[in-house]
Amino acid sequence: MDAQIDFLQWLEPDMALKILTYLDDSADLIRASAVSRYWQNIVVSNGLSKHLCITRFPELASITRVDEVSHDNSEPSHNSAEIEHRAYASLFRALTSFPQTYCIADPVSASSTDNYPEESIINTLDPRDRILHRDSYWSSTGSDDPEAPETLIYNLTASLCVISEIVLHPFQALFQMDFPIYSSKAVRFRMGHPKSRDELDHDFMETQECADDKFIWTYTSPIFPVARENRLQRFKLPEPVVCIGGFLQIQLLGRVQVQAADGKYYICVAHVQAIGRRLSPAFSVEFSEPSNSVSLKYDAVEFGLTMSNVSSGRNNSLSTSLLPVQPPRQLAWGNLQDFMQMVQAHPDGVEYEWVDDDEFEIV
């Protein structure tokens, strides 16, 4: 029988490490660590899984600690290097393999609202064209300055999401002369986390207060031009972005439409959504105040269940039929399957009430 030789052991340690850093998939790193104890030591002790994650998703560099969730009474592992290896190897697979879905859960605040609650930011998350005989949209207050910006802030469906695309539909006022479209000139996106969770107990929508200064924004996108058209517009980020903290800000830059009634510039948005991968419940993050250090929580059991569903073709991602795709917007709820999937997208529970528009009259 021929003798087997581990070629990495014949190399200088730095050279062996350099070779393994060329592996660009966490599954390959897992396989490499199973070859021998020597290979495993190189992969684990040098944090190659973590390095791979941060190289592909730089936002993850802010994580300072990794904790693995235990589902039994067994003694937890105290080998932080092994925990990090398992967590980051699984995280990389989640970031690239978990199903795509809609990632906005709830609105937080708008920098201004013209007529609250009729023109509230909450309307931007409803796919219906009209609600109770009224057009569904958010409207800013009027401004004499065409460069005056506006912001919309949303809470995502998880504290850890990877966002690849944001969609936005400018509103066309078909009830006004010449059917004006109140789009912004451009749009920019920011993602981050609250400075303090306690401050988010406040209802910024009800008090019509801007919450921009309540957050730390860790990612800012390039500026995208917005077409002055009544259609769903897709803004694909240069690279998928990991949102650590679970909040999205949409900056609407510049105004193009004057309202004839008062001669002021407005911005109106009919629909907003973010498309990406929700990483909970397999992964979540926690912030320690006041240092804002970030802990990654890894649940191996939930990760295994999600990957099993992905492999079998079962997932909770939404079909794109919930989004308006052709102007003018003429979308109702869509089919029953889409509605059930939307309910499942809110794991914390959301109450829905069926409303018959014919039972109401506009006063």
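For this chain, numbers begin at 1 and follow the sequence in order.
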Contact summary for [X] and [Y], nearest pair of heavy atoms:
X: Arg277; Y: Ser97; value: NH1-C, 3.9 Å
X: Asn155; Y: Gly246; value: OD1-O, 3.1 Å
X: Asp135; Y: Phe175; value: OD2-CD2, 3.1 Å
X: Ile244; Y: Leu160; value: CG1-CD1, 3.8 Å
X: Ile275; Y: Arg234; value: CD1-NH1, 3.7 Å
X: Leu252; Y: Trp138; value: CD1-CZ3, 3.6 Å

Is the side chain of [X] donor-acceptor paired with the backbone N or O of [Y] at a distance under 3.5 Å, no angle test?
X: Asn115; Y: Glu118; result: no
X: Ser311; Y: Met307; result: yes
X: Ser312; Y: Ser308; result: yes
X: Ser159; Y: Val285; result: yes
X: Ser111; Y: Glu150; result: no
X: Thr306; Y: Glu302; result: yes
X: Ser90; Y: Ala87; result: no
X: Asp126; Y: Arg128; result: yes
X: Ser184; Y: Gly254; result: no
X: Ser295; Y: Val66; result: no

Problem set entry | Stepwise side chain to side chain donor-acceptor pair (under 3.5 Å) test for Arg228 and Gln257 | CA-CA 9 Å; Arg228 193 176 180 181; Gln257 183 61 52; 2.3 Å; yes

With a 4.5 Å limit on heavy-atom distance, are the side chains of [X] and [Y] in contact?
X: Ser221; Y: Arg188; value: yes
X: Pro222; Y: Pro238; value: yes
X: Val167; Y: Gln233; value: no
X: Thr220; Y: Phe189; value: no
X: Thr207; Y: His202; value: yes
X: Val226; Y: Pro170; value: yes
X: Leu125; Y: Tyr102; value: no
X: Cys243; Y: Leu156; value: yes

For this session: Could you walk me through whether Tyr266 and Thr141 pass the side chain to side chain donor-acceptor pair (under 3.5 Å) test, one step at a time?
Result: CA-CA 6 Å; Tyr266 289 80; Thr141 54; over 6 Å; no

Problem set entry | Heavy-atom neighbours of Ile122 CD1 exceed 12 at 6.0 Å |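 No.
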
For this session: Step through the shown structure and confirm whether more than 12 heavy atoms of other residues, nucleotides or ligands are within 6.0 Å of NE2 on His51.
Result: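 No, NE2 of His51 has 12 or fewer neighbouring heavy atoms, counting only those of other groups under 6.0 Å.
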
Hey, are [Y] and [X] close enough side-chain-wise for a donor-acceptor pair under 3.5 Å?
X: His85; Y: Ser49; value: yes
X: Thr151; Y: Asp212; value: yes
X: Glu119; Y: Tyr137; value: yes

Exercise. Going through the checks in order, is the salt bridge (charged side-chain N to carboxylate O under 4.0 Å, His left out) test met by Glu239 and Arg56?
Worked result: CA-CA 9 Å; Glu239 296 290 341; Arg56 184 75 66 88; over 6 Å; no

Answer with yes or no whether the hydrophobic clustering places [X] together with [Y]; edges join I, L, V, M, F, W, Y residues whose side-chain heavy atoms lie under 4.5 Å apart.
X: Leu91; Y: Val294; answer: yes
X: Ile163; Y: Phe235; answer: yes
X: Val256; Y: Tyr182; answer: no
X: Leu168; Y: Ile181; answer: no
X: Leu279; Y: Ile54; answer: yes

Problem set entry | Residue pair Phe283, Tyr298: steps toward the ring pair (Phe, Tyr, Trp, His ring centres under 6.0 Å) verdict | CA-CA 5 Å; Phe283 298 92; Tyr298 167 55; 5.3 Å; yes

To the nearest 0.5 Å, how far apart are [atom1] in [X] and [atom2] in [Y]?
X: Leu152; Y: Ile250; atom1: CG; atom2: CD1; value: 6.0 Å
X: Arg255; Y: Ile267; atom1: CZ; atom2: CD1; value: 4.5 Å
X: Leu248; Y: Met191; atom1: CG; atom2: CE; value: 6.0 Å
X: Phe98; Y: Arg93; atom1: CZ; atom2: CZ; value: 9.0 Å
X: Gln208; Y: Glu206; atom1: CD; atom2: CD; value: 8.0 Å
X: Glu165; Y: Lys236; atom1: CD; atom2: NZ; value: 7.0 Å

Problem set entry | Validation row, ring centre His193 to ring centre Phe287 under 6.0 Å | yes

For this session: Kindly indicate, with the supporting measurements, whether the criterion salt bridge (charged side-chain N to carboxylate O under 4.0 Å, His left out) is fulfilled by Glu68 and Lys297.
Result: CA-CA 6 Å; Glu68 188 170 9; Lys297 305 296 182 181; over 6 Å; no

For this session: Apply side-chain contact (heavy atoms from CB on, under 4.5 Å) to the pair Val187 and Gln251, showing each step before the final yes or no.
Result: CA-CA 6 Å; Val187 67; Gln251 296 180 314; 5.9 Å; no

Exercise. For Lys195 and Phe215, what are the C-alpha separation, side-chain angles and deciding distance, and is it a side-chain contact (heavy atoms from CB on, under 4.5 Å)?
Worked result: CA-CA 5 Å; Lys195 294 178 180 178; Phe215 295 87; 5.7 Å; no

For this session: Begin from the C-alpha positions of Gln176 and Gln259 and carry the test side chain to side chain donor-acceptor pair (under 3.5 Å) through to its verdict.
Result: CA-CA 9 Å; Gln176 294 182 356; Gln259 181 175 253; 3.2 Å; yes

Seminar exercise, completed: Exactly one of Leu296, Leu95, Thr55 clears side chain to side chain contact (heavy atoms under 4.5 Å, CB included) with Leu60, and that residue is Leu95

Exercise. Would Asp67 and Arg65 satisfy salt bridge (charged side-chain N to carboxylate O under 4.0 Å, His left out), going step by step from the backbone distance to the final call?
Worked result: CA-CA 7 Å; Asp67 295 315; Arg65 176 185 173 88; 2.9 Å; yes

For this session: For His169 and Phe171, run ring pair (Phe, Tyr, Trp, His ring centres under 6.0 Å): C-alpha distance rounded to whole Å, both residues' side-chain angles, the deciding distance at 0.1 Å, then the answer.
Result: CA-CA 6 Å; His169 194 141; Phe171 176 69; 8.8 Å; no

For this session: Just say parallel, tilted or perpendicular for the rings of Phe57 and Phe92, cut-offs at 30° and 60°.
Result: perpendicular

